[in-house]
Every structure is written in C-alpha cells, then in structure tokens.
Amino acid sequence: MSKVWSNRFETGLDPFIERFNSSINFDKKLIVEDIDCSIAHATMLGSTNVLTKKESDQIVDGLKQIKNEFKEGKFAPAFPSEDIHYCIEEKLINLIGEVGKKLHTGRSRNDQVATDLRLWLRKRIDNIDSLILNLQKSIYFIATQNLYTLIPGYTHLQRAQPLSLAHHLLAYLEMFDRDRNRLSEVRDRVNISPLGAAALAGTKIKIDRYMTAKELGFKDIYKNSLDAVSDRDFAVEFISASALIMSHLSRLSEEIILWVTDEFSFAKLTDKCATGSSLMPQKKNPDVPELIRGKTGRVYGNLHSLLTTIKALPLAYNKDFQEDKEPIFDTVQTISDCLKAMDILLNDGLEFQKDNLMNSVNNDFSNATDVADYLVAKDVPFREAYQIVGGLVKFCLTKELLLKDLTLDTFKKFHNEFEKDIFEKISPRNVVHSRNSIGGTGFDQVKYQLSIWQKKLLN
Ligand code: ARG
C-alpha cells in the first residue's frame, strides 16, 4: 500500500526502517477511540460547512462501517500501515473513495494521537476505579467478619501490640481510597481536549473545538496549541497514581506471603490460588501475591520510562512521543490484572487461621505496654512504669514465663500498686478493646469505622 505522505518523497522507506518507524503493532489498541475522534472531527467539519453535509455524512458512515467491521472481527489493523491513524484513513479512502481524503482537513496526527490516548485512558481509568471499588468491598466484608479476631501488630516486624484484624484490614481500605481519589483527580486532567491544535499552531480552517470536545465528552479544551500536542503530564500522573496502587497491592501481598508461612501460620492458601513445586511435594506456594509484588516493578519501570522519554523534548511534537504508549498500555494491563487477582485471592484464595492468630496474641509480650499503662492509671509516671515493666519482662525471660503467668506476689515485688485486676487488664481482648482513642484499634472505634465504610461502599 502506498504511503499517505506527500510527493516530496521519491523513494520508499528502507524495509527495516519502515518497521522500526511503525507503531501499528501496539497503537492498534486505540482503534475505537481513533474512529470516534474522527467521527467527531468529520461531524464538526460538516456543521461548520468546511465539508458539505453530504461529504461529512459519507465520511461518518464510512467510519462507522469500519468500526462495525472491527467489532465483528472482519477487520484487523496491521503492518504495513504505519500507525492506527494512517491505517483508518487508508481504509476509509479504500471504502468510500476520494471524499475520504477530506477527513484530515484541519487536523494533524499530533492532535489526533493526543486525543485518542486521552479517550482511551479515560475509559480505562473508569474501569480501574471500579476494580478498586470491588476490591475495597471484598476487604470490607472480610473485615466485618473479623472485628473480634485478633492479630499481632508489628513494628520493625517485631511483635508490638495486638490488633483487631478488621482494623488491620481497614488500613488497606484507606490506602485504596486515596488511590481512588488520586485517580479521579488524574481523570480530570486527562479529560481535556487537544483536538484542533492541529500540528502545533492551530489551523486556518474553520473548526469548532468546543463542538468536538463536547461530542467526545471532554470537560474543557487545551488553551494553547503547543501545550495541547506536547503535554504528556496526564500520562505521567496516571502511571504515578498506578505506581502507588501497586505499592499498596504489593505491601498487602508481602503480608499475605508472610502470613501463610509455617513460621507465621496466620492464614492458609486454598487450592484456588496456590501452586505446587515441581520437586518438593510438600510445597504450596503463594504465587499470586508474589506475582503482584513482582509486577510492581514493571509499573515503577513504566513511570521511569515515560519520565525519561519526555524529559528533554523541545516543543512541540517529537516522534519520541510514540514511545509513550507501551508504558501506558502495560500499566493499565498490569494494574487491572493485579487488582482482579488480589480480589480473587482475598475472596477465594485465603483463609485466616483464627485459632493460630488467637494463640499468637496469647503467647507474647505484646501486652507489656498495658502493664505500664496500668501503673500510669495509678499515678506512676510513664517513664518509671516503663522501666518497671522492662524489669518484669527481663524477669519473665529468665524464667521462661509470660507476663500473664506471673503471680500477683511477683507483680507486687516490682510495684506495690499491682492488684489482681492486672490479669484481666492484660488479656489480649481487653488490651485491644481499651485502645479507644479516635482511629485506634479499640472495638468501638473499629465498629464505627466499619459503619462509615458500609455507607461509603455499599450505597
Ligand atoms: N504514531 C505517532 C505517535 O504515536 C502518531 C503521530 C505522528 N506524528 C508525526 N508528526 N509523525 O506518536
């Protein structure tokens, strides 16, 4: 097929360079958006009388037919078309003849590709948002079932203080909520129309940029034609928001990987989300969270890749921009897959071992702070109480005992204010229950948070 380029060229491209130059193998993903963009442009050219009504209708009908053929699997964009934009234009000209050559009036591939990409990304952001919402609902339901399940809380990955498992899970709901807010802010900046900026300087053709923007559902138009064709901030912002989503998924994955080890045994994997070893028959591996953790690197890489691509580009369009697509496409694919996989893992792939969790919080020193707080309530200054309990823990360690195993007499040897209610006060359930400061793990606080999430997620 001959190239659309002007007669300025005498020979064709070197065959290797022709492939090197082309982007059709990946930008064919933009086909629907490219056609929609062209339909809006051609309709507008008809209504501003740049084209006759008949010409505009013929072009729009041809484009709709191409879209249908594509949807029915009868048309597949492919090399040797250089990119999706040329591919559709060539196909249109083949289909409706000479009038097809008028589609590109007052438009450049530069504003076209920028428009297509925004349309494509806008749709994917909406889909990713609903995937995060689904995941949040799953986490919420697991949390509601585990208000009174206790889990050791850690700092430095050392036992710190016991928690309600629901409280632990709700921390992830907060993270994913920030992710959704960020995505919606990014969406606002994706949702601006560059169409009509033409190659870089605008056009003398009578176009109506507001009309195409409205037709395509954009909320505003770019005010500067150079900025319109050379801005990829929206894509960087999208990948950056995605990188944070991946970091949240990855941290949750890491916890699950720890929880299902023999050493922790806080949860176990069902057969739906675990794999075996080819050699060691006893193994059950957490491939799903490991893959999510691993794929986080891809998305971080995509962010670096795009930032580096744009960093020294003079205004306005440069072919370097063709390299923006694969990091964006890969990010959308990776993040959508990981959100789905995590949702399946949480719903069907993971079972908390409640007895083991209970056992863990009953058999450690994570109630030590509460022994100190007990003395604080009897007017012992905190720092003094802290030292006393340090001594108690040391004593226990030498005797291989836990704080709850000590006799009241022993407690009293360390401080006279200890009474027999100390044993009740340091039971894990009371320890958790008593942390009732706003945002704390106390059951009343967590119940309140659950009620807020219920309204937010289920209405
Ligand atoms: N395939 C190109 C891209 O993805 C389309 C825009 C080409 N524009 C140009 N002036 N060569 O960026």
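First listed ligand is number 1; within each ligand, the first listed atom is number 1.
Between Phe16 and Phe20, the angle of the ring planes stays under 30°, which puts this pair in the parallel group of the 30/60° scheme. His248 and Phe176 have perpendicular rings, their planes meeting at more than 60° on a 0 to 90° scale where under 30° would count as parallel.
Of the options Arg118, Arg124, Lys325, a salt bridge (Lys or Arg N to Asp or Glu O under 4.0 Å) to Glu33 is made by Arg124 and by none of the others.
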Extract all N/O-N/O pairs under 3.5 Å that connect ligand 1 to the protein, and present each with both atom names and the distance rounded to 0.1 Å.
unit_1: ligand 1; atom_1: 1 (N); unit_2: Ser23; atom_2: OG; d: 3.3
unit_1: ligand 1; atom_1: 1 (N); unit_2: Asp83; atom_2: OD2; d: 2.9
unit_1: ligand 1; atom_1: 1 (N); unit_2: Gln322; atom_2: OE1; d: 2.7
unit_1: ligand 1; atom_1: 4 (O); unit_2: Lys325; atom_2: NZ; d: 2.7
unit_1: ligand 1; atom_1: 8 (N); unit_2: Asn110; atom_2: OD1; d: 2.9
unit_1: ligand 1; atom_1: 10 (N); unit_2: Asn110; atom_2: OD1; d: 3.0
unit_1: ligand 1; atom_1: 11 (N); unit_2: Arg109; atom_2: NH2; d: 3.2
unit_1: ligand 1; atom_1: 12 (O); unit_2: Tyr317; atom_2: OH; d: 2.5

Problem set entry | Residues Ser23, Gln322; criterion side-chain hydrogen bond (donor to acceptor under 3.5 Å, both in side chains); working and verdict | CA-CA 7 Å; Ser23 52; Gln322 186 160 288; 3.3 Å; yes

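Heavy atoms from other residues, nucleotides or ligands lying under 6.0 Å from NE2 of His433 number 12 at most. Atom CD1 of Ile438 sits in a sparse spot, with 12 or fewer heavy atoms from other residues, nucleotides or ligands closer than 6.0 Å.
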